[in-house]
Amino acid sequence: MVRLNDIVEEILRYNPNADIPMVEKAYIFSAKAHKGQIRLSGEPYLVHPLEVAYTLTRMNLDVPSVVSGLLHDTIEDSYVDKKEIEDYFGKEIAELVDGVTKISKIQLMTSEDSRVENYRKMILAMSKDIRVILVKLADRFHNMKTLNFLSPVKQKEIARETLDIYAPLAHRLGIEWLKGELEDESFKYLKPDEFNVIKEKIAQKKKEREVYINEVKEIIKNRFAQFELDADISGRAKRLYSIYKKMVLEGVNIDDIYDITAFRIMVGTVKECYEALGYVHAFFRPIPGKFSDHIALPKANMYQSLHTKVMGPYGEKIEIQIRTHEMHKIAEEGIAAHWKYKEGKVFDAKEDRIFAWLRRVIEWQHELKDNREFMEIFKIDLFPDEVYVFTPKGDVRELPKGATPVDFAYAIHSQLGNKCVGAKVNGKLVPLRYMLKSGDTVDIQTNPAHKPSKDWLGFVATSKAKTKIRQWIRTEQRERSIELGKTLIEKELAKHDISFASMLKSGGILNIAKEHSFETEDDLFAGVGYGLYTVLQVLSKVIPEVEKPSKIKSIISTIKGARDTSVKIEGVDGLVVKLAKCCNPIPGDRIIGFITRGRGLTVHVNECPNVHTFDEQRKINVSWELKKDLTYPVKLKILGDDRKGLLSEISTIMSSAKINILSAKAMSNPDKSAAGMYEIEITHMSQLQKLIKSIQKIKGIRSVERIRGTV
């Protein structure tokens, strides 16, 4: 159990002039506030704030942070309010405690929209003072250590939240030891069987591993001594969750993984890091393609180290990290290693590289109104895996793994991305979807008349590229919709000898816009251009003799009125509806509607690849309302053995199920297989699924696949 003296000793270790009386005062205040409170473990509640404060000292944080750790639950779990904390400890600490309290109240594992809104709130709290999230991370760390006292459902919920959000945040802030601890604790509850197997295997080989570590250390130490290189050498088993991820990635079990031991070499200078690397490669054969230089190219969270994999003394793979003592301090403490909250001087976040990510996220808060888009961008940036590429002038740009020349262009400047038409990598022309590799030199080719393509959204990897492309698409679509809406209104007015220009000048158009809850004339024009309103709807008062379009409450006929789609539109009337040809939805599919400029509403399957390219403002919730005697065309591709009677059996099953065949094509393949393309009429997804199962039972059938769109 942590005591106050332990906390004080740790603070004095890294800050001999610390305000210890303030810490003691906070301890007494917290003890009184939590008096009589018991945790589920049966321990006095005070144990928790003491543990949190102690963890903050492990990060070498300032006194206000440690004090906030002692007080972080007083507002939420006792009679104390923010004003009382401010009276006792000052505004700075009161704001920190209040910020942690607000994050603690956020329920991240809720419905999709609520969850994203809560992520936004958490980021806003972080943006005011980064120490808020550091205290919260320490709080979560101790809660994970005592998670066994909660119900299994709650354990998994909190573990998932920790693995998805808090562990990546610790990594982003460069606190690697904390990230590793949070991952392992989460792993224990999310995958208990796998956790226990790996843990037992590691424990069984502990003595064997210790002998091996000492042997390798001795080899390295003796070789370094020959060159008079002084170094601290250590070895350890990799973390359990790290081993599990490797097993999943390589598709092997624990017995097939040999490089579960990692070695670390720490020296005094950067020059000695490269000397040590040379010596290691001289007596241990390096594995090609398994070297990374994070000293010359530091990671976004300030991490620096040389990483290499070599063949060990018995032909096994060894992972070795080489760094200076200062680099090790940064790798373990992250942001805390560069802490500048000293002597009351609050640092400017713009000066620190580690805050670049947080600044970007804060910008998205204002730019991205759609929750799903925000969440996509947030997660892209929360889980980076970097590659390092060069500009033609030799400047380095850090990009996530999977980045393309388009991502590179947007990383340089938004306009460079917008005008990008091609790229050369290492002097050779490459496709825009080419995945960049570390060391590539990228030269972007531009055309002033060129514009971004929707297709780019299908392969770009960076949050900035996705955001800027979507911004341009929305702007472009709005401008086109304004022009289209303006033209349609002007033509309709001309039919009735009404001057569009006069109405615009006199404010008549603005009045119409206000009547339909639009702020400006352009908003009205865009609404008509988008298809949200028809021209006759917005001009019904200006041209009284025009017959108002009839309202269809729920079901709207489609495509030339020849077919009733049985689609119900929530909250919108008077729109013509058609089913998207790219995905051919049928009743039973999960569907979404999108306003199509000048053509009403198009219904897509939720999983349709085209859905993510559409403007969220045009989205309309729709659902199926089943009606009798309606059928929908569906294409099936059936692959089977090339044998006599196969097509006859397929047709017999369809006929027995009373399914009409619109068309059928068959062909034989060189591999003695036969492929058939059938277009049939279906009433519902359940009927289609039943048919597919029946066909799959036919002898010699290899696959039955529903084909969406045209083929």
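Starting from 1, each residue takes its place in the sequence as its number. Treat the numbers as computed from the prediction; the structure is a model and nothing was measured.
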Practice prompt. Salt-bridge test for Arg13 and Glu10: reply yes if a basic N is under 4.0 Å from a carboxylate O, no otherwise.
Written response: yes
Discussion item. Side chains of Tyr166 and Asp139: any donor to acceptor distance under 3.5 Å?
Written reply: no
Worksheet item: Given side chains that start at C-beta, do those of Met1 and Val47 come closer than 4.5 Å, heavy atoms only?
Response: yes
Discussion item. So Asp6 and Thr57, do their side chains get closer than 4.5 Å, heavy atoms only?
Written reply: no
Worksheet entry | With sequence neighbours excluded, residues passing side chain to side chain donor-acceptor pair (under 3.5 Å) with Tyr434 | Lys437, Asp440
Discussion item. Could you check whether any side-chain heavy atom of Phe408 comes within less than 4.5 Å of a side-chain heavy atom of Thr391, counting everything from C-beta outward?
Written reply: yes
Fill in: Main-chain N/O of Val270 paired with Thr324 side-chain donor or acceptor, under 3.5 Å
no
Practice prompt. Just do the side-chain contact (heavy atoms from CB on, under 4.5 Å) check on Thr467 and Tyr410 with the steps written out, would you?
Written response: CA-CA 10 Å; Thr467 301; Tyr410 277 106; over 6 Å; no
Fill in: Side-chain touch Ile318/Ile320, heavy atoms, less than 4.5 angstrom
yes
Response to the item:
Arg323 meets the salt bridge (Lys or Arg N to Asp or Glu O under 4.0 Å) criterion, sequence neighbours left out, with none
Worksheet entry | Straight-line distance of Tyr241 OH to Lys191 NZ, nearest 0.5 Å | 9.5 Å
Practice prompt. Would you please say whether a donor-acceptor pair under 3.5 Å links the side chains of Arg236 and Thr261?
Written response: no
Item to complete: Please indicate whether Met435 has more than 12 foreign heavy atoms, meaning atoms of other residues, nucleotides or ligands, lying under 6.0 Å from its CE.
Response: no
Worksheet entry | Ring-face cation contact, Trp456 with Arg433, 6.0 Å cut, 45° max | no
Discussion item. Applying salt bridge (charged side-chain N to carboxylate O under 4.0 Å, His left out) to Glu181 and Lys145, what does each step give before you reach the verdict?
Written reply: CA-CA 9 Å; Glu181 291 275 5; Lys145 292 289 187 182; 3.3 Å; yes
Worksheet entry | Residues, nucleotides or ligands: over 12 heavy atoms within 6.0 Å of Asn222 CG | yes
Worksheet item: Within the distance-only criterion (no hydrogens, no angle test), does the side chain of Tyr189 pair as donor or acceptor with the backbone N or O of Asn148 below 3.5 angstrom?
Response: yes
Item to complete: Return yes if some donor-acceptor pair links the side-chain N/O of Glu316 with the main-chain N/O of Tyr314 below 3.5 Å, else return no.
Response: yes
Item to complete: Take Leu4 and Glu24 through the side-chain contact (heavy atoms from CB on, under 4.5 Å) test and state the conclusion after the steps.
Response: CA-CA 8 Å; Leu4 176 63; Glu24 294 169 341; 4.1 Å; yes
Worksheet item: Is atom NZ of Lys25 surrounded by more than 12 heavy atoms (other residues, nucleotides or ligands) closer than 6.0 Å?
Response: yes
Worksheet item: Between Phe187 and Phe195, how do the two ring planes meet: parallel, tilted or perpendicular, split at 30° and 60°?
Response: perpendicular
Item to complete: State, yes or no, whether a side-chain contact exists between Gln321 and Ile265 at a heavy-atom distance under 4.5 Å.
Response: no
Discussion item. Please check: side-chain N/O of Tyr279 versus main-chain N/O of Leu229, any donor-acceptor pairing under 3.5 Å?
Written reply: no
Worksheet entry | Test log, rule salt bridge (charged side-chain N to carboxylate O under 4.0 Å, His left out), inputs Arg131 and Asp62 | CA-CA 9 Å; Arg131 291 175 296 178; Asp62 60 346; 2.7 Å; yes
Worksheet item: Rounded to the nearest 0.5 Å, how far apart are CZ of Arg3 and CG of Leu50?
Response: 11.0 Å
Worksheet item: So which heavy atom on Phe459 is nearest to which on Leu432, and how close?
Response: CE1-O, 3.5 Å
Worksheet item: Taking the six-membered ring for Trp, is the centroid-to-centroid distance between Phe29 and Phe89 below 6.0 Å?
Response: yes
Item to complete: Go through the side-chain N and O atoms of His307 and Glu319 and say whether any donor and acceptor fall under 3.5 Å apart.
Response: no
Worksheet item: Ignoring hydrogens and geometry, is there a side-chain-to-backbone donor-acceptor pair from Glu176 to Ala331 under 3.5 Å?
Response: no
Fill in: Backbone of Pro64 reached by a side-chain donor or acceptor of Ser68 within 3.5 Å
yes
Discussion item. With heavy-atom distances below 4.5 Å as the criterion, would you say the side chains of Phe284 and Ile219 are in contact?
Written reply: yes
Worksheet, complete the sentence: Closest non-hydrogen contact found for Ala167 with Glu183 is CB-CG, 3.9 Å
Worksheet item: Does any non-hydrogen side-chain atom of Val63 lie less than 4.5 Å from one of Val66?
Response: no
Practice prompt. Given side-chain contact (heavy atoms from CB on, under 4.5 Å), test Glu215 with Lys217 step by step and report yes or no.
Written response: CA-CA 5 Å; Glu215 183 178 351; Lys217 283 171 59 178; over 6 Å; no
Worksheet item: Which is it for Asp184 and Tyr244 under the side-chain hydrogen bond (donor to acceptor under 3.5 Å, both in side chains) test, yes or no, and what are the steps along the way?
Response: CA-CA 10 Å; Asp184 280 355; Tyr244 171 72; over 6 Å; no
Worksheet item: Does Thr269 offer a backbone N or O that forms a donor-acceptor pair with the side chain of Glu272 under 3.5 Å?
Response: yes
Practice prompt. With rounding to the nearest 0.5 Å, note down the distance linking CG in Asn15 to CD1 in Ile20.
Written response: 7.5 Å
Item to complete: State whether a side-chain donor-acceptor pair under 3.5 Å links Ser186 with Arg160.
Response: no
Practice prompt. For the pair Arg223 (side chain) and Val280 (backbone), establish whether a donor and an acceptor sit closer than 3.5 Å, ignoring hydrogens and angles.
Written response: no
Fill in: Validation row: Leu71, Pro49 side chains within 4.5 angstrom (heavy atoms)
no
Discussion item. Do the side chains of Lys91 and Glu95 get close enough for a salt bridge, i.e. N-O under 4.0 angstrom?
Written reply: no
Item to complete: Heavy atoms only: give me the nearest Thr308-Phe291 pair and the separation to one decimal.
Response: CB-CD1, 4.1 Å
Discussion item. Checking the side chain of Thr404 only, and the main-chain atoms of Val460 only, is there a donor and an acceptor separated by less than 3.5 Å?
Written reply: no
Fill in: Step-by-step side-chain contact (heavy atoms from CB on, under 4.5 Å) determination, Glu185 to Leu147
CA-CA 9 Å; Glu185 290 296 328; Leu147 203 58; over 6 Å; no
Worksheet item: Considering all heavy atoms of both residues, which atom of Ala411 and which atom of Leu399 are nearest to each other, and what is their separation?
Response: CB-CD2, 3.9 Å
Worksheet item: Going from OG1 on Thr55 to NE2 on His142, what distance comes out if it is rounded to the nearest 0.5 angstrom?
Response: 8.0 Å
Worksheet item: Once you round to the nearest 0.5 Å, how far does CG of Leu137 lie from CG of Leu56?
Response: 9.5 Å
Worksheet item: Looking at CD1 of Ile198 and CG of Asp193, how far apart are the two atoms once the value is rounded to the nearest 0.5 Å?
Response: 11.0 Å
Worksheet item: If every non-hydrogen atom of Lys424 is compared with every non-hydrogen atom of Gly427, which pair is closest and at what distance?
Response: CD-O, 4.1 Å
Discussion item. Which heavy atom of Asp164 sits nearest to which heavy atom of Pro168, and what is that distance?
Written reply: O-CG, 3.4 Å
Worksheet item: Partners of Gln415 by side chain to side chain contact (heavy atoms under 4.5 Å, CB included), sequence neighbours excluded?
Response: His413, Asn418, Lys419
